[in-house]
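Worksheet: one structure, shown below.
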Amino acid sequence: MEQLAALVRAKVVHFAGPDPLFRITHGVFTAGSPWVAGAPWEARYLVEALAPANNVTRSDSPLMQNLLADGLARPRHMLASDGEPVVTSGWDVSAPPYRTLDGVGEAVEDLYVVGLQLSSVQWGTAIAAEASAKYRSGYRTVRDTDAIAAHILR
């Protein structure tokens, strides 16, 4: 991560943004995002390191599929600005320490969620954690796992 951050500071590496669009024209790659202002990045070389989108309802994971099938978890629904319900990419969870909500909305005892599957309640959830991070977002996962461990030990 430190090396990647150094490459970004040196303007060697650039991030396209969410929902990236890639094109190649006359040997030149372009990468941009409809969510990021400004022109797309152009380069002769492209290294694609996109993390797959998290979506608990479309996951290939047998664990995720079985949690849904057995009614031990459900995806979170939110209301869009027009009032229409939208299925989010993450689990519907209780307040911290995050436990899945079952099909009727009850917290499932001893079934905790941490990491990417919290994307519906933690925008920008990271897949890595750093205990000595300067900002709260960098150590959020460490804090969450500590809260889960304390809950279990009680």
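We number each residue from 1, following the sequence as shown.
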Got V121 and W91 here, is their nearest side-chain heavy-atom distance under 4.5 Å?
-> no
Rounded to the nearest 0.5 Å, the CZ atom of R9 sits from the CG atom of L4 at a distance of 9.5 Å
When you look at T25 and T30, which way does the side chain to side chain contact (heavy atoms under 4.5 Å, CB included) test go after all the steps?
-> CA-CA 8 Å; T25 308; T30 60; 5.9 Å; no
Cluster question for you: counting only ILVMFWY and a side-chain heavy-atom cut-off of under 4.5 Å, with indirect links fine, are L111 and L63 together?
-> yes
Closest non-hydrogen atom pair, V86 against A80 | CG2-CB, 3.8 Å
Does any non-hydrogen side-chain atom of P34 lie less than 4.5 Å from one of L21?
-> yes
Donor-acceptor pair, S61 side chain versus M64 backbone, under 3.5 Å?
-> yes
Quick one: pull up CZ in R44 and CZ in F29 and give me the separation to the nearest 0.5 Å.
-> 10.0 Å
Rounded distance (nearest 0.5 Å) linking atom NE2 of H14 with atom CG of L7 = 10.5 Å
Answer yes if I24 and F22 sit in the same cluster of Ile, Leu, Val, Met, Phe, Trp and Tyr residues linked by side chain heavy atoms under 4.5 Å apart, and no otherwise.
-> yes
Hey, could you give me the CZ/OG distance between R76 and S89, rounded to the nearest 0.5 Å?
-> 11.0 Å
Answer yes or no: is there a side-chain heavy-atom contact under 4.5 Å between T100 and Y112?
-> no
Could you go through the side chain to side chain contact (heavy atoms under 4.5 Å, CB included) check for S94 and L101 one step at a time?
-> CA-CA 6 Å; S94 67; L101 298 184; 4.2 Å; yes
Residue pair Y98 / Q117, side-chain heavy-atom distance below 4.5 Å | no
Please report the shortest heavy-atom distance between F15 and W41, naming the atom on each side.
-> O-NE1, 3.5 Å
Hey, could you give me the CZ/CG distance between R99 and D92, rounded to the nearest 0.5 Å?
-> 13.0 Å
Sub-4.5 Å side-chain heavy-atom contact between V93 and L118 = yes
Donor-acceptor pair, S59 side chain versus N55 backbone, under 3.5 Å?
-> no
With side chains defined as the heavy atoms from C-beta onward, is the minimum distance between L79 and P85 less than 4.5 Å?
-> yes
From CG (L72) to CG (D102), nearest 0.5 Å = 7.5 Å
Quick one: closest heavy-atom pair of P75 and L68, and the distance?
-> CD-CD2, 3.8 Å
